[in-house]
Amino acid sequence: MTDHETHIRDAVALARDNAAAGGSPYGAVVVRDGTVLARSVNNVHRTNDPTEHAEMVALREVSRRLGSRDLAGCIVYASGQPCPMCHAAMRLSGIREGYFAYAAEEADTYGLETAGLYAELCRPLAEQPMHLAQLRPADETPPYAVWRDRRSS
């Protein structure tokens, strides 16, 4: 069995155990240079925090362990296709490689709804079910300039 297969099987086992314990069927494993840095499950049922997805929990743990938000070189193994939030967090953290066992469309056949969320987010803002619109304050400078200027000092 390859390392990839070992880690993806671990993520699936975590998901299966979490579902059996009353949680959502999601698990994640983060590995760098062959070392497992985090193993996690979806904790939304326990914390009522909608961001406590397995991948997010694992990314937080690895960031704390490494003392960095830059997780370049890490590989994420997820039991299911990461939702848009988790996918974006992985990208923002510098992760460039990930694997998932089961596609979002397959999860949807069991009553989960990730594939639909992906589809909604691809539509123009005006066509999405959640109202989101730009409301720019008059006579305000974007805070991005403060950030840029601080970085160039």
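- Within the 4.5 Å cutoff, the side chain of Ser24 has no heavy atoms near those of the His45 side chain.
- Residue-environment remark: CZ (Arg96) exceeds the threshold of 12 foreign heavy atoms within 6.0 Å.
- With rounding to the nearest 0.5 angstrom, the OG atom of Ser40 is 9.5 Å from the CD atom of Glu52.
- Taking the six-membered ring for Trp and the full ring otherwise, Tyr77 and His4 have centroids separated by under 6.0 Å.
- When side chains are defined from C-beta on, Val57 does not count as touching Val41, because their heavy atoms never get closer than 4.5 Å.
- A donor-acceptor contact shorter than 3.5 Å is absent between the side chain of Gln81 and the backbone of Ala103.
- Residues Pro129 and Arg123 come closest through the heavy atom pair CD-NH2, 4.3 Å.
- Between Arg60 and Glu55 no salt bridge is recorded (no basic side-chain N to carboxylate O distance below 4.0 Å).
- Side-chain contact between Cys74 and Val31: absent, with no pair of heavy atoms (C-beta onward) separated by less than 4.5 Å.
- Using a 4.0 Å cut-off between a side-chain N of Lys or Arg and a carboxylate O of Asp or Glu, Arg9 and Glu5 qualify as a salt bridge.
- Here the shortest heavy-atom pairing between Tyr99 and Ile8 reads O-CD1, 3.7 Å.
- Put simply, the side chain of Cys83 reaches to within 4.5 Å of the side chain of His53, judged on heavy atoms.
- Heavy-atom minimum distance, Ile95 versus Leu71: CG1-O, 3.7 Å.
- Using modelled atom types, no side-chain atom of Asp10 and backbone atom of Val29 make a donor-acceptor pair closer than 3.5 Å.
- At least one side-chain heavy atom of Leu66 sits under 4.5 Å from a side-chain heavy atom of Arg32.
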Verify side-chain contact (heavy atoms from CB on, under 4.5 Å) between Arg148 and Tyr144, making sure each step is shown before the conclusion.
-> CA-CA 6 Å; Arg148 180 201 59 217; Tyr144 312 124; over 6 Å; no

Contacts under 3.5 angstrom, residues 108-117 side chains, donor-acceptor by atom type, not counting sequence neighbours:
from	atom 1	to	atom 2	distance (Å)
Asp108	OD1	Glu113	N	3.4
Asp108	OD1	Thr114	N	3.1
Asp108	OD2	Ala115	N	3.4
Thr109	OG1	Glu106	O	2.6

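- Placement of Met90 and Ile75 in two distinct hydrophobic clusters is found when ILVMFWY residues are connected by side-chain heavy-atom separations under 4.5 Å, directly or transitively.
- Heavy atoms of other residues, nucleotides or ligands lying less than 6.0 angstrom from OH of Tyr102 number 12 at most.
- Annotation for Ser79 and Ala15: closest pair OG-CB, 3.4 Å, computed over non-hydrogen atoms.
- Between Thr141 and Ala145 the shortest heavy-atom distance is CG2-CB, 4.3 Å.
- From Leu59, atom CG reaches atom CZ of Arg69 across 14.0 Å, with rounding to the nearest 0.5 Å.
- At least one side-chain heavy atom of Gln128 sits less than 4.5 Å from a side-chain heavy atom of Leu121.
- Side-chain contact check for Asp49 and Thr51: at least one donor-acceptor pair (N or O, by modelled atom type) lies under 3.5 Å.
- For the pair Leu14 and Ala28, the tightest heavy-atom approach, listed with the atom from each and the gap, is CD1-O, 3.8 Å.
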